[in-house]
There are 2 protein chains.
Amino acid sequence: MENIIKRARKDKKVSQDELAKLCGVSRQTINAIENNKYDPSLVLAFQLAKNLSLTVDELFTFNGGDK
Amino acid sequence: MENIIKRARKDKKVSQDELAKLCGVSRQTINAIENNKYDPSLVLAFQLAKNLSLTVDELFTFNGGDK
DNA sequence: ACATCATGTCAAATATGTTTGACATTTATA
DNA sequence: TATAAATGTCAAACATATTTGACATGATGT
(Lines give C-alpha, C1' and ligand atoms only; values in the text may rest on other atoms or scores of the structure.)
Protein backbone atom coordinates (compact mmCIF):
# COMPACT_ATOMS: atom_id res chain seq x y z
CA MET A 1 0.00 0.00 0.00
CA GLU A 2 1.44 3.34 -1.05
CA ASN A 3 0.32 6.85 -0.19
CA ILE A 4 1.06 10.40 -1.25
CA ILE A 5 0.37 12.00 2.10
CA LYS A 6 3.73 13.70 2.46
CA ARG A 7 3.43 15.30 -0.95
CA ALA A 8 -0.22 16.32 -0.50
CA ARG A 9 0.56 17.69 2.96
CA LYS A 10 3.44 19.79 1.70
CA ASP A 11 1.27 21.10 -1.12
CA LYS A 12 -1.14 22.31 1.54
CA LYS A 13 1.78 23.65 3.58
CA VAL A 14 0.80 22.03 6.86
CA SER A 15 3.12 20.32 9.35
CA GLN A 16 2.73 16.72 10.52
CA ASP A 17 1.61 18.13 13.83
CA GLU A 18 -1.07 20.31 12.26
CA LEU A 19 -2.36 17.49 10.08
CA ALA A 20 -2.40 15.22 13.12
CA LYS A 21 -4.58 17.68 15.02
CA LEU A 22 -6.91 18.09 12.05
CA CYS A 23 -7.33 14.30 11.93
CA GLY A 24 -7.53 13.87 15.69
CA VAL A 25 -4.50 11.60 15.98
CA SER A 26 -0.96 11.96 17.33
CA ARG A 27 1.94 13.43 15.38
CA GLN A 28 3.75 10.09 15.60
CA THR A 29 0.88 8.39 13.84
CA ILE A 30 1.10 10.76 10.88
CA ASN A 31 4.85 10.36 10.77
CA ALA A 32 4.66 6.56 10.87
CA ILE A 33 2.10 6.41 8.09
CA GLU A 34 4.02 8.84 5.87
CA ASN A 35 7.09 6.66 6.31
CA ASN A 36 5.17 3.44 5.67
CA LYS A 37 5.63 1.92 9.09
CA TYR A 38 2.03 0.76 8.94
CA ASP A 39 -1.24 1.58 7.21
CA PRO A 40 -3.85 3.83 8.81
CA SER A 41 -7.26 2.56 9.89
CA LEU A 42 -10.04 3.08 7.36
CA VAL A 43 -11.49 5.92 9.43
CA LEU A 44 -8.14 7.70 9.57
CA ALA A 45 -7.66 7.17 5.84
CA PHE A 46 -10.93 9.00 5.23
CA GLN A 47 -9.99 11.80 7.61
CA LEU A 48 -6.62 12.21 5.94
CA ALA A 49 -8.24 12.33 2.53
CA LYS A 50 -10.80 14.86 3.70
CA ASN A 51 -8.21 17.14 5.30
CA LEU A 52 -5.99 16.95 2.24
CA SER A 53 -8.88 17.59 -0.14
CA LEU A 54 -8.52 14.24 -1.90
CA THR A 55 -10.40 10.95 -2.06
CA VAL A 56 -9.15 7.81 -0.35
CA ASP A 57 -8.61 6.26 -3.76
CA GLU A 58 -6.47 9.22 -4.80
CA LEU A 59 -4.45 9.30 -1.59
CA PHE A 60 -3.71 5.58 -1.44
CA THR A 61 -2.77 3.10 -4.11
CA PHE A 62 -3.27 -0.56 -3.46
CA ASN A 63 -0.80 -2.78 -5.26
CA GLY A 64 -2.89 -5.91 -5.79
CA GLY A 65 -0.68 -8.25 -3.71
CA ASP A 66 -0.93 -7.98 0.05
CA LYS A 67 1.08 -4.92 1.03
CA MET B 1 -18.67 4.64 8.82
CA GLU B 2 -21.25 2.99 6.57
CA ASN B 3 -20.80 0.46 3.79
CA ILE B 4 -22.86 -1.14 1.05
CA ILE B 5 -21.02 -4.44 1.02
CA LYS B 6 -24.07 -6.61 1.59
CA ARG B 7 -25.91 -5.00 -1.28
CA ALA B 8 -22.94 -5.04 -3.66
CA ARG B 9 -22.21 -8.65 -2.72
CA LYS B 10 -25.77 -9.76 -3.42
CA ASP B 11 -25.72 -7.93 -6.73
CA LYS B 12 -22.70 -10.03 -7.63
CA LYS B 13 -24.45 -13.11 -6.26
CA VAL B 14 -21.58 -14.30 -4.09
CA SER B 15 -21.84 -15.68 -0.54
CA GLN B 16 -20.02 -14.22 2.46
CA ASP B 17 -17.79 -17.27 2.35
CA GLU B 18 -16.91 -16.76 -1.31
CA LEU B 19 -16.20 -13.07 -0.85
CA ALA B 20 -14.08 -13.91 2.19
CA LYS B 21 -11.96 -16.28 0.13
CA LEU B 22 -11.60 -13.75 -2.67
CA CYS B 23 -10.34 -11.22 -0.12
CA GLY B 24 -8.18 -13.68 1.79
CA VAL B 25 -10.00 -13.27 5.12
CA SER B 26 -12.35 -15.39 7.21
CA ARG B 27 -16.10 -15.58 6.68
CA GLN B 28 -16.64 -14.13 10.16
CA THR B 29 -14.69 -11.04 9.20
CA ILE B 30 -16.95 -10.37 6.22
CA ASN B 31 -20.02 -10.99 8.35
CA ALA B 32 -18.84 -8.68 11.12
CA ILE B 33 -18.05 -5.87 8.70
CA GLU B 34 -21.37 -6.21 6.86
CA ASN B 35 -23.13 -5.96 10.21
CA ASN B 36 -21.03 -3.01 11.37
CA LYS B 37 -19.31 -4.76 14.26
CA TYR B 38 -16.10 -3.00 13.26
CA ASP B 39 -14.46 -1.40 10.23
CA PRO B 40 -12.08 -3.30 7.97
CA SER B 41 -8.40 -2.46 7.70
CA LEU B 42 -7.49 -0.19 4.80
CA VAL B 43 -5.99 -3.11 2.88
CA LEU B 44 -9.15 -5.16 3.30
CA ALA B 45 -11.26 -2.17 2.26
CA PHE B 46 -9.33 -2.03 -0.99
CA GLN B 47 -9.65 -5.77 -1.55
CA LEU B 48 -13.38 -5.63 -0.90
CA ALA B 49 -13.76 -2.76 -3.34
CA LYS B 50 -11.72 -4.55 -5.96
CA ASN B 51 -13.64 -7.81 -5.66
CA LEU B 52 -16.96 -5.98 -5.76
CA SER B 53 -15.92 -3.87 -8.76
CA LEU B 54 -16.22 -0.59 -6.87
CA THR B 55 -13.89 2.04 -5.43
CA VAL B 56 -13.26 2.39 -1.73
CA ASP B 57 -15.00 5.75 -1.83
CA GLU B 58 -18.06 4.16 -3.42
CA LEU B 59 -18.18 1.21 -1.04
CA PHE B 60 -17.75 3.21 2.16
CA THR B 61 -19.22 6.50 3.28
CA PHE B 62 -17.55 8.41 6.04
CA ASN B 63 -19.94 10.51 8.09
CA GLY B 64 -17.67 13.35 9.15
CA GLY B 65 -17.89 12.65 12.89
CA ASP B 66 -15.86 9.77 14.24
CA LYS B 67 -17.80 6.62 13.34
C1' DA C 1 -38.74 -34.55 7.71
C1' DC C 2 -34.02 -34.38 6.17
C1' DA C 3 -29.89 -32.54 4.26
C1' DT C 4 -27.34 -28.70 2.78
C1' DC C 5 -25.92 -24.13 2.40
C1' DA C 6 -25.85 -19.40 4.09
C1' DT C 7 -25.90 -16.41 7.84
C1' DG C 8 -25.47 -14.64 12.77
C1' DT C 9 -22.91 -14.88 16.93
C1' DC C 10 -19.59 -15.99 20.82
C1' DA C 11 -15.06 -16.42 23.25
C1' DA C 12 -10.12 -16.61 23.34
C1' DA C 13 -5.95 -15.91 21.01
C1' DT C 14 -3.01 -13.30 17.87
C1' DA C 15 -1.92 -9.27 14.86
C1' DT C 16 -2.07 -4.59 13.78
C1' DG C 17 -2.86 0.37 14.74
C1' DT C 18 -2.54 4.29 18.05
C1' DT C 19 -1.03 6.92 22.25
C1' DT C 20 2.15 8.97 25.41
C1' DG C 21 6.52 10.63 26.71
C1' DA C 22 10.97 11.11 25.58
C1' DC C 23 15.11 12.20 23.00
C1' DA C 24 18.02 12.94 18.57
C1' DT C 25 18.46 15.00 14.17
C1' DT C 26 17.49 17.90 10.54
C1' DT C 27 15.72 22.26 8.58
C1' DA C 28 14.47 26.81 8.98
C1' DT C 29 15.05 31.55 10.41
C1' DA C 30 16.48 35.51 13.62
C1' DT D 1 25.78 30.87 15.08
C1' DA D 2 22.21 30.21 17.99
C1' DT D 3 17.36 29.15 18.63
C1' DA D 4 13.13 27.40 17.47
C1' DA D 5 10.27 24.42 14.51
C1' DA D 6 9.75 20.18 12.15
C1' DT D 7 10.82 15.54 11.61
C1' DG D 8 12.48 10.72 12.79
C1' DT D 9 12.47 7.12 16.10
C1' DC D 10 11.91 4.05 20.37
C1' DA D 11 9.49 1.44 23.98
C1' DA D 12 5.49 0.33 26.66
C1' DA D 13 0.82 0.53 27.14
C1' DC D 14 -3.67 0.32 25.17
C1' DA D 15 -7.30 -0.17 21.36
C1' DT D 16 -8.99 -2.30 17.41
C1' DA D 17 -9.05 -5.87 13.72
C1' DT D 18 -8.75 -10.70 12.45
C1' DT D 19 -8.49 -15.78 13.23
C1' DT D 20 -10.08 -20.25 14.71
C1' DG D 21 -13.46 -23.32 16.28
C1' DA D 22 -17.86 -23.88 17.61
C1' DC D 23 -22.83 -23.76 17.71
C1' DA D 24 -27.60 -21.87 16.47
C1' DT D 25 -30.82 -20.24 13.11
C1' DG D 26 -32.87 -19.52 8.55
C1' DA D 27 -33.56 -20.73 3.82
C1' DT D 28 -33.69 -24.21 -0.13
C1' DG D 29 -34.49 -28.08 -2.17
C1' DT D 30 -35.40 -33.45 -2.11
Side-chain angles (χ1 to χ4, degrees):
Chain A
M1 181 76 76
E2 295 175 12
N3 73 74
I4 58 169
I5 296 174
K6 190 171 294 191
R7 192 147 25 114
R9 179 176 60 78
K10 286 182 175 169
D11 285 352
K12 278 229 160 187
K13 294 200 184 12
V14 295
S15 68
Q16 292 183 341
D17 197 45
E18 289 168 331
L19 180 56
K21 277 163 184 135
L22 286 171
C23 295
V25 295
S26 72
R27 177 182 69 81
Q28 287 88 333
T29 295
I30 300 295
N31 184 78
I33 293 167
E34 282 192 352
N35 291 297
N36 289 298
K37 298 291 174 52
Y38 50 75
D39 294 320
S41 68
L42 186 56
V43 169
L44 180 49
F46 270 94
Q47 291 187 153
L48 285 164
K50 174 182 162 198
N51 288 302
L52 292 172
S53 309
L54 292 172
T55 66
V56 168
D57 290 281
E58 286 169 339
L59 198 49
F60 299 88
T61 57
F62 178 53
N63 296 317
D66 23 25
K67 295 180 180 178
Chain B
M1 181 76 76
E2 294 174 14
N3 74 73
I4 58 169
I5 296 173
K6 190 172 293 190
R7 201 163 58 239
R9 179 175 61 77
K10 286 181 175 169
D11 285 352
K12 277 228 161 189
K13 293 199 178 29
V14 294
S15 68
Q16 291 183 343
D17 197 45
E18 289 167 332
L19 180 56
K21 276 162 185 136
L22 287 171
C23 294
V25 295
S26 71
R27 177 182 70 81
Q28 288 88 333
T29 295
I30 300 295
N31 185 77
I33 294 167
E34 282 192 353
N35 291 297
N36 290 298
K37 298 291 173 54
Y38 49 74
D39 294 321
S41 68
L42 186 57
V43 170
L44 180 49
F46 270 94
Q47 291 188 150
L48 284 165
K50 175 182 161 200
N51 287 302
L52 292 171
S53 309
L54 292 171
T55 66
V56 169
D57 289 282
E58 285 168 340
L59 198 49
F60 299 88
T61 58
F62 178 53
N63 296 318
D66 24 26
K67 294 182 181 177

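Chain letters run A, B, ... following the sequence lines, proteins first and then strands; every chain starts at 1. None of these values were measured; they are calculated from a predicted model.
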(request) Take nucleotides 13-30 of chain D nucleotide by nucleotide from the 5' end and write B, S or -, depending on whether a protein heavy atom sits under 4.0 Å from the base, only from the sugar-phosphate, or from neither. (result) ----SBBBBB--------
(message) For a quick test of reading the model, state the closest non-hydrogen atom pair linking A/Val56 to A/Ala45 and the distance between them.
(response) CG2-O, 3.9 Å
(request) Would you mind reading off the distance between A/Leu48 atom CG and C/dG17 atom C1', rounded to a whole angstrom? (result) 13 Å
(request) Measure the distance from CG on A/Asn31 to P on C/dT25 and round it to the nearest whole Å. (result) 16 Å
(request) Starting from P on C/dG17, measure out to CG on A/Asn36 and report it in whole angstrom. (result) 11 Å
(message) What I'd like to find out is whether the side chain of B/Leu59 reaches to under 4.5 Å of the side chain of B/Ile4, using heavy atoms alone.
(response) yes
(request) Quickly work out the A/Gln16 CD to C/dT18 C1' distance and round it to whole Å. (result) 15 Å
(request) Find the distance A/Lys21:NZ to C/dT19:P and express it as a whole number of Å. (result) 13 Å
(request) For residues A/Lys6 and A/Asn35, determine if any side-chain heavy atom of one lies less than 4.5 Å from a side-chain heavy atom of the other. (result) yes
(request) Starting at atom CD1 of A/Ile5, determine the distance to atom P of D/dT7, rounded to an integer number of angstrom. (result) 13 Å
(message) Without decimals, in angstroms, what is the distance between B/Arg9 CZ and C/dA6 C1'?
(response) 9 Å
(request) Round to a whole Å and report the spacing from NZ of A/Lys12 to P of D/dA6. (result) 18 Å
(request) Would you mind checking if A/Lys21 and A/Asp17 are paired as a salt bridge, meaning a charged N to carboxylate O distance below 4.0 Å? (result) yes
(message) Tell me the closest heavy-atom pair linking A/Arg9 and A/Val14, and the distance in Å.
(response) NH1-O, 2.9 Å
(request) Answer with base, sugar-phosphate or nothing: what part of the nucleic acid does B/Lys10 contact at a heavy-atom distance below 4.0 Å? (result) nothing
(message) Please determine whether a side-chain nitrogen or oxygen atom of A/Lys6 lies at a distance below 4.0 Å from atom OP1 or OP2 of D/dG8.
(response) yes
(message) If you define the side chain from C-beta out and look only at heavy atoms, does anything of B/Cys23 sit under 4.5 Å from B/Leu44?
(response) yes
